Enquirer: 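Handing you this structure, nothing more for now.
Note that this is a predicted model, so its numbers are computed, not measured. Just so we're on the same page: letters track the sequence lines, and every chain starts at 1.
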Number of protein chains: 2
Amino acid sequence: MQFSFRLPVATHILLCIERFKDEYKTTSTFLASSVNVNPVIIRKTLGQLKAAGLVEVAAGVGGAKLTKSPEDITLWDVFRAVEEDEDLFHFQENPNPKCPVGRNIHGVLGDRLEEVRQHMLADFKKITLADLLESIATKEAAE
Amino acid sequence: MQFSFRLPVATHILLCIERFKDEYKTTSTFLASSVNVNPVIIRKTLGQLKAAGLVEVAAGVGGAKLTKSPEDITLWDVFRAVEEDEDLFHFQENPNPKCPVGRNIHGVLGDRLEEVRQHMLADFKKITLADLLESIATKEAAE
DNA sequence: TGTCGATGTAATGTTAATAGATACAACGAA
DNA sequence: TTCGTTGTATCTATTAACATTACATCGACA
């Protein structure tokens, strides 16, 4: 029971783009070497981030940059960009309709779990890229 | 990106055990017909719930019952019983240690996401089996 | 305008997790 | 001893995710 790599990877990508924007051209190969995954994974993820309006990618010439300042990008934005907007939990599709529990559990439990999910998304909204960059800078300074 | 069936199935099982305790012997076959999965899945899940101290299962004679009252069992108990206690998110195992983002992202992002996870668990603690039984009873009465 | 490095994307392979199913030993009551 | 049930082991099928290769396309520049 786990989320996929995608949110951490996408966040890593965005942080690198911002952190190195003045030092390097942030190509998919460059980013792949920091994250340590195949460049194709980077390009796919970058494609999702682009579709969500978070980055611009220069086709041909190469490199990516943020479309907003890091203060205005939250993990919620990233999460929505890279994860399907499905329910958090699987439900058994065909519980027994003749059983009062079976025919009502989806509605009853689903409602509660949806609240939990919304709560999680609200937490994501509180975490900005700027927060993370600052934490990384602090760690860097302490090295 | 989803949780497995296990939490909803385990919850379904517990609700059925309590709802039908005075009417039927809640065997794995009986529960399987309400949830509509293979009885072996029920037995495996019941084994996890038993290991967590939430139910007693009568080997030989058959049937299961709760060890506590429904007010005292929360989704947190159920979640812990059926899901491995791993991190919510996967991280790339080997980010580039030469990159300041790569060598620090696990610590920085991991801390934030762990807070989100703890928050989710706290939400689970607020939802009791008794709440769910009451909601189901309300729906039943309205049918 | 041809070259070159980069992106976009399709196709394929690999791995891991999950669920479904069958089989059977062990259990406990009658 | 019989019978219904639980506890497990094992096998298979399915699915999702990630890795990799390959190649068409793009845009700047000599």
Enquirer: Measuring from atom CD1 of A:I41 to atom CG of A:L31, what distance do you get when rounded to the nearest 0.5 angstrom?
Expert: 13.5 Å

Enquirer: Nearest whole Å is fine: how far is D:dT12 C1' from B:N38 CG?
Expert: 13 Å

Enquirer: Starting the side chain at C-beta, find the nucleotide from C:dG8, C:dA29, C:dG20 nearest to B:V61.
Expert: C:dA29

Enquirer: For B:K44 and A:G47, take the nucleotide of DNA chain C holding the closest heavy atom to each; which residue's nucleotide lies nearer the 5' end?
Expert: A:G47

Enquirer: What's the closest nucleotide to the A:R43 side chain, out of D:dA19, C:dT9, C:dT22?
Expert: C:dT9

Enquirer: Between atom CG in B:N94 and atom P in D:dC18, what is the gap in whole Å?
Expert: 15 Å

Enquirer: Which residue lies toward the 5' end of DNA chain D, B:Q92 or B:A58, if each is placed at its nearest nucleotide?
Expert: B:A58

Enquirer: Where the side chain of A:T27 is concerned, which of C:dA21, C:dT18, C:dT7 is the nearest nucleotide?
Expert: C:dT7

Enquirer: What distance do A:F20 atom CZ and B:C99 atom SG have between them, rounded to the nearest 0.5 Å?
Expert: 4.0 Å

Enquirer: Rounding to an integer number of Å, can you tell me how far A:L31 CG sits from C:dG5 P?
Expert: 19 Å

Enquirer: How are the rings of B:F79 and B:F124 set relative to one another: parallel (under 30°), tilted (30 to 60°) or perpendicular (over 60°)?
Expert: tilted

Enquirer: Nearest whole angstrom, please: distance from the P of D:dC18 to the CG of A:N36.
Expert: 14 Å

Enquirer: Quick one: is C:dT7 close enough that its OP1 or OP2 comes under 4.0 Å of any side-chain N or O from A:K50?
Expert: no

Enquirer: May I ask you to verify if any side-chain N or O of B:S28 is less than 4.0 angstrom from the OP1 or OP2 atom of D:dT5?
Expert: no

Enquirer: Of the options C:dT7, D:dT20, C:dA6, whose atoms approach the side-chain atoms of A:V40 most closely?
Expert: D:dT20

Enquirer: Rounded off to whole Å, could you give me the NZ-to-P distance for the A:K65 and C:dT7 pair?
Expert: 15 Å

Enquirer: Whole angstrom is fine here: how far is it from CD1 in A:I41 over to C1' in C:dG8?
Expert: 14 Å

Enquirer: Does A:G60 reach a base, just sugar-phosphate, or nothing at all? Heavy atoms under 4.0 Å.
Expert: base

Enquirer: Quick one: is B:R6 getting a side-chain N or O under 4.0 Å of the C:dA17 phosphate, OP1 or OP2?
Expert: no

Enquirer: Rounded to the nearest Å, what distance is computed from the CD1 atom of residue A:I42 to the P atom of nucleotide C:dG8?
Expert: 12 Å

Enquirer: Distance check needed: D:dA28 C1' versus A:K25 NZ, whole Å only.
Expert: 9 Å

Enquirer: Atom NZ of A:K68 and atom CG of A:L129: how far apart are they, to the nearest 0.5 Å?
Expert: 10.0 Å

Enquirer: Looking at B:R112 and B:E115, does any basic side-chain N land under 4.0 Å from a carboxylate oxygen?
Expert: no

